[in-house]
Amino acid sequence: MIADQDFDAIVVGSGPGGSTVAEVLTAAGWSVLIFEKGRNHLIDLADPTRLLTDYSNDELKFISRHFLGPDPWLEPRTFRAGEDRGDREHIGEANNLPSTVGGGGVHADGKLPRFLAADFRMRSDLGPVDGAAVEDWPVDYDEMEPFYADAERIVGVAGDADANPFAAWRSGPYPMPPGAPMYGAVRSTASAEKLGLHPYPGPTGANSVPYDGRPACNNCGFCAYYGCPIHAKGDPVAPLQRALLTGRCELRPETFVSRVLVTNGRATGVEYVDRDGVTRTETATRAVVLAGGAVETPRLLLLSGFEHPLIGRHLMCHFQTMVMGIMLFRTHPHRGRAVTHMHDDHLIGDDASRAAAAAAGLPWLRGGMVEHCGPGAPVMESRTYPWGRRHKEMMRESPMRDHMWGFTMQGEDLPQPTNRIDLDPTVRDIRGFPAMRMTYRSHAMELAASRHYAPTLAAVLEDMGATQTMVATSPVPDGPYGGYLSPIPNSKHVVGTVRMGTDPSTSVLDPWGRFHDVPNLMVADSSGFVTSTGYGPTLTIVALAIRNARALASS
Amino acid sequence: MPAFFTPDEYAVVVAVCERLIPADDQPGATDAAVADYIDTLLGAFSFDPPRIWAVHPRRSEFHPLTPLDELAWRTRIEGSLGRPERELNGPTVGWQQRYRDGVAALGADFGRVDEDEQKRRLRADRDFLMLVHQHACEGMYGAPAYGGNRGLVGWANSGFEGDVQPRGYTDAEVSGP
Ligand SMILES: Cc1cc2nc3c(=O)[nH]c(=O)nc-3n(C[C@H](O)[C@H](O)[C@H](O)COP(=O)(O)OP(=O)(O)OC[C@H]3O[C@@H](n4cnc5c(N)ncnc54)[C@H](O)[C@@H]3O)c2cc1C
Ligand code: SF4
């Protein structure tokens with residue numbers, strides 16, 4: 001522990017956003033205290049050169065038993081599809097990302113694309129949509145480019161700069177070349193190209209060669225939803241390790257920040273509950289940075305009594321369209337990094353998408369990045385087959401795993417003010433604080449885009465030789481609760497709940513991620529996003545955190 | 001000696017698992033010790049550390065739990081039992097009680113009645129059937145550290161290699177058929 005002193009900054013949350021801020025601020029000479037409510041399975045805090053070996057390739061530990069938290073019994077969330085549905089329709093798990101040192105970064109499989117230039121100016125380029133607050137971002141791609149480049153270096157991203165014809169301009173190559181393509185992706189990219197699409201090796205935050213003192217990925221296959229046993233994924237272990245190694249950063253796991261303290265328009269520190277359940281306070285002399293993720297950050301603000309009417313609103317999660325096919329050949333989806341290829345064609349409008357939008361009564365529609373992917377591990381698979389005599393035969397034939405390949409489109413989700421995070425009126429977490437309540441219903445745009453693009457994806461699978469194709473979505477609007485696919489969105493790309501902007505009446509944060517009325521309180525996660533784009537948010541979280549933390553350090 | 005079940009209950013659970021995942025020309029649930037997996041889960045707190053999270057998928061070595069983790073897992077397994085700290089948002093019936101009741105309802109003669117009768121009794125309580133089915137799948141195809149998938153027969157049957165660290169897969173194994 002760092003000797004008794006006041007810290008320059010307090011950071012809430014140790015995921016990609018918080019860890020990046022800690023690296024930037026400690027590099028600028030600040031002392032930083034990070035609070036993390038989850039457990040530490042990532043790094044030896046006494047000797048940060050040592051990474052822990054708690055991650056293991058174990059479907060039960062990571063998928064069935066919440067090893068990385070949060071335990072939905074200790075930290076329940078509630079959900080309803082709309083205010084017309086009463087106080088809540090569901091209690092338990094609702095779009096949980098891990099709560100652990102490293103946050104969602106440790107178990108994401110880390111596709112880390114940049115956004116397109118057009119993503120930052122949707123309102124100007126495409127125009128408004130009824131029922132949604134589509135706005136331009138207060139920053140554009142040209143300004144973001146150098147921070148994207150730094151983010152790719154900090155995390156360590158493997159990719160091919162020339163492979164995606166739709167990508168925005170870049171100042172240099174990726175730090176590493178792409179890793180080995182999965183066999184299913186070799187086949188699906190060939191068919192996609194034949195049908196006129198433009199697949200490319202997805203930029204991934206997994207080392208294809210030894211990088212930054214960590215080994216190359218060895219393709220073990222337990223990637224999405226698992227921590228990497230050999231630490232070949234850089235996000236956010238790399239920035240966190242560097243912050244801790246300066247000697248100016250302290251990380252306190254198992255501490256829950258329950259209130260941000262503000263006096264006379266300045267954030268002065270936080271109140272937190274330590275691992276023994278004791279409530280304490282800690283002071284920050286220069287800044288407080290919130291990076292609990294786009295669900296927990298607005299919850300903390302509401303717990304702290306912040307009153308801006310937009311806090312918690314414009315919640316966005318990608319609308320996932322999963323199109324899967326059963327192949328005659330084995331796809332062995334358990335070898336490799338979960339996703340190696342993507343295509344962006346469905347983010348780019350054309351005559352057909354404009355016609356589909358018009359037919360649905362919409363000014364425009366937009367899909368999202370498409371991940372070429374196979375299914376998960378065998379426990380999940382086995383539960384999809386009937387029990388009884390045919391069960392083992394089905395597992396050997398494996399139509400739903402080892403013969404399956406397909407696509408997940410992470411569709412753009414519109415910022416609707418009615419989709420929101422607030423505090424549940426009665427349900428509490430184990431520490432006695434009100435649970436997060438999510439109110440969320442898809443916009444007609446997401447449904448129309450999903451319907452429009454699913455047949456194209458199915459056609460690619462048919463070209464690959466699929467004997468059968470199937471389409472599922474998440475959320476399933478108005479579907480039943482309880483299963484994996486339900487009205488609760490599964491996409492772990494959650495953004496938008498404390499939006500940035502230039503006008504304090506239509507945004508909570510200024511263009512530097514700081515509160516309009518509390519300039520030393522900053523948000524460094526995806527809460528500030530103005531639109532969801534059709535891309536994974538994490539590289540942009542890291543790039544924005546670099547930009548905004550550097551500005552903070554020099555202010 | 002089972003950690004949680006009585007010997008009679010254990011025998012019924014063995015028969016249930018074998019009905020759900022029967023052996024064919026390859027080993028089934030009994031060979032994979034699926035009932036032992038369920039028994040270890042329900043009796044997890046009779047071990048120290050409790051058998052909740054294995055350190056390594058093939059070794060019988062477990063992570064210690066924090067007091068909060070222990071509270072959550074005891075509530076899930078033992079139920080809230082009227083204790084205020086376990087009834088944060090209402091009472092919970094634990095898995096132990098659900099198995100005790102579910103197994104009793106299937107009847108002590110479950111292993112001796114014919115297949116059709118076994119299926120009829122299993123389908124009579126869909127909630128319990130779903131619970132055992134989930135646990136049976138976990139015990140058959142999950143990591144062997146938890147007491148099931150004995151001899152890795154679950155993985156062998158399905159052509160899944162399980163954990164391949166530290167070897168991993170070569171680029172050729174990833175990219176080729
Ligand atoms: C399986 C999976 C796959 C994914 N794949 C991708 C992908 O391919 N590409 C991509 O871009 N994104 C992906 N994501 C999403 C990615 O993980 C998130 O975008 C990213 O982790 C967000 O970073 P963050 O720092 O904003 O928040 P988080 O990573 O959510 O970290 C927030 C941390 O803050 C802690 N915290 C919250 N509130 C408090 C509090 N009050 N007190 C103390 N601590 C608190 C939490 O415990 C958590 O550890 C994936 C996610 C999952 C789950
Ligand atoms: S596939 Fe590679 S990056 Fe992913 S967990 Fe395995 S070794 Fe790590």
Side-chain angles (χ1 to χ4, degrees), chain A residues 39 41 53-54 56-61 64-67 71 73-74 76 91 179-183 185-186 217-222 229-230 254 275-276 329-330 332 334-337 340 377-383 387-389 391-393 395-396 398 401-402 426-430 432 435, chain B residues 19-28 52-57 63 66-69 71-73 75-76 85-86 88-90 92 115 119 122 129 133-134 136-138 140-143 145-146 154-155 157-177:
Chain A
R39 286 180 71 171
H41 298 295
T53 54
D54 291 4
S56 53
N57 290 345
D58 176 340
E59 192 182 358
L60 299 178
K61 180 174 167 183
S64 311
R65 299 191 180 184
H66 320 287
F67 178 63
D71 189 304
W73 188 82
L74 295 170
I91 306 181
M182 293 169 83
Y183 178 58
V186 171
C217 158
N218 63 20
N219 300 310
C220 78
F222 286 78
I230 61 169
E254 296 169 56
R275 75 180 71 184
D276 301 318
F329 55 90
R330 291 211 175 246
H332 54 73
H334 55 280
R335 301 184 194 166
R337 291 158 293 140
T340 59
V379 173
M380 210 188 280
E381 175 193 17
S382 64
R383 295 177 59 192
W387 53 272
R389 287 195 181 276
H391 177 85
K392 304 207 67 221
E393 206 179 311
M395 286 298 284
R396 284 195 289 276
S398 196
R401 191 183 64 80
D402 209 6
T426 50
V427 177
R428 310 254 140 183
D429 72 9
I430 193 66
Chain B
R19 176 52 49 227
L20 296 177
I21 307 179
D24 48 17
D25 55 350
Q26 304 265 340
I52 300 296
W53 293 316
V55 171
H56 184 278
H63 290 284
T66 65
L68 283 182
D69 295 331
L71 178 61
W73 281 97
T75 305
R76 203 165 269 134
E85 74 276 15
R86 296 191 189 183
L88 183 67
N89 290 300
T92 307
E115 185 176 335
K119 287 182 177 166
L122 280 169
L129 174 60
H133 183 238
Q134 173 180 338
C137 289
E138 291 177 358
M140 187 77 196
Y141 303 107
Y146 302 90
W155 288 342
N157 177 69
S158 49
F160 183 73
E161 290 114 308
D163 170 40
V164 294
Q165 289 289 6
R167 177 181 75 84
Y169 293 106
T170 63
D171 286 2
E173 286 171 316
V174 173
S175 306

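Just so it is clear: chains get the letters A, B, ... in the order the sequence lines come, proteins before strands, and each one is counted from 1.
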Whatever's closer than 4.5 Å to a heavy atom in chain B on A/His332 counts as side chain
Bottom line for B/Thr66: the part with an atom under 4.5 Å from chain A's heavy atoms is both
Looking only at A/Val186, A/Ile230, A/Leu74, the option with the highest number of non-hydrogen pairs under 4.5 Å against chain B is A/Leu74
Checked B/Gly162, B/Pro166, B/Ala172, B/Gly176 vs chain A; the most non-hydrogen pairs under 4.5 Å come from B/Gly176
Cut-off 4.5 Å, heavy atoms of chain B, and the answer for A/Asp276 is neither
Go through A/Arg396 and B/Asn157 one step at a time and tell me if the side chain to side chain contact (heavy atoms under 4.5 Å, CB included) criterion holds. CA-CA 6 Å; A/Arg396 284 195 289 276; B/Asn157 177 69; 2.6 Å; yes
CH2 of A/Trp73 to CZ of B/Arg86, rounded to nearest 0.5 Å, is 8.0 Å
Cut-off 4.5 Å, heavy atoms of chain B, and the answer for A/Phe329 is neither
Hey, does B/Glu173 have a side-chain heavy atom less than 4.5 Å from the side chain of A/Tyr183? no
d(A/Ser64 OG, B/Tyr146 OH) to nearest 0.5 Å is 9.0 Å
- Considering only heavy atoms from C-beta outward, does the side chain of A/Trp387 approach that of B/Leu129 to under 4.5 Å? yes
Closest non-hydrogen contact found for B/Ser175 with A/Ala180 is OG-CB, 3.8 Å
One option among A/Asp429, A/Val379, A/Asp402 has the most heavy-atom pairs under 4.5 Å with chain B, and it is A/Val379
Open item on the list: Test side chain to side chain contact (heavy atoms under 4.5 Å, CB included) on A/Asp54 and B/Val55; report intermediate values, then the result.
Closed with: CA-CA 6 Å; A/Asp54 291 4; B/Val55 171; over 6 Å; no
Pair count under 4.5 Å, heavy atoms only, with chain A: among B/Gly154, B/Ala136, B/Ser158, highest is B/Ser158
Here the gap from B/His133 atom NE2 to A/Arg383 atom CZ, rounded to the nearest 0.5 Å, amounts to 8.0 Å
Between A/Ile430 and B/Glu85, the two heavy atoms sitting closest are CD1-O, 4.4 Å
So CG of B/Asn89 and OG1 of A/Thr426: to nearest 0.5 Å the spacing works out to 7.5 Å
Margin query: In the structure I gave you, are the side-chain heavy atoms of B/Gln165 and A/Phe222 within less than 4.5 Å of one another anywhere?
Written below: no
Bottom line for B/Arg167: the part with an atom under 4.5 Å from chain A's heavy atoms is backbone
Of the listed A/Cys220, A/Ser398, A/Pro229, A/Ser56, the one with the largest count of heavy-atom pairs under 4.5 Å with chain B is A/Cys220
dist B/Arg19:CZ -> A/Arg389:CZ (nearest 0.5 Å) comes out at 5.5 Å
Greatest number of non-hydrogen atom pairs under 4.5 angstrom with chain A, of B/Ala72, B/Ala143, B/Ala145, B/Gly142, falls to B/Ala72
Whatever's closer than 4.5 Å to a heavy atom in chain B on A/Val427 counts as both
Answer key: most heavy-atom pairs under 4.5 Å with chain A among B/Val164, B/Leu68, B/Thr92 is B/Leu68
Of A/Arg401, A/Arg337, A/Glu254, A/Arg330, the largest count of non-hydrogen pairs under 4.5 angstrom with chain B goes to A/Arg401
**Message:** For A/His66 and B/Trp73, take the angle between the two ring planes, folded into 0 to 90°, and tell me which bin it lands in: parallel under 30, tilted 30 to 60, perpendicular over 60.
**Reply:** tilted
In this structure, CD1 of B/Ile52 is separated from NZ of A/Lys61 (nearest 0.5 Å) by 12.5 Å
Test: B/Asp25 and A/Lys392 ion pair at under 4.0 Å
no
Is any side-chain heavy atom of A/Pro378 closer than 4.5 Å to one of B/Trp155?
yes
From the list A/Arg65, A/Glu393, A/Met395, A/His391, the residue making the most non-hydrogen contacts under 4.5 Å with chain B is A/Arg65
Under 4.5 Å to a heavy atom of chain A? For B/Pro67 that would be neither
* A/Asp58 and B/His56, any side-chain heavy atoms less than 4.5 Å apart -> no
If one checks every heavy atom of A/Arg275 against chain B at 4.5 Å, the contacting part turns out to be neither
Scored by heavy-atom pairs under 4.5 Å with chain B, the best of A/Glu381, A/Met182, A/Glu59 is A/Met182
Nearest heavy-atom approach of B/Val174 to A/Arg335 is CG1-O, 4.0 Å
Scanning both residues in full, the closest heavy-atom pair of A/Arg428 with B/Leu88 reads O-CD2, 3.6 Å
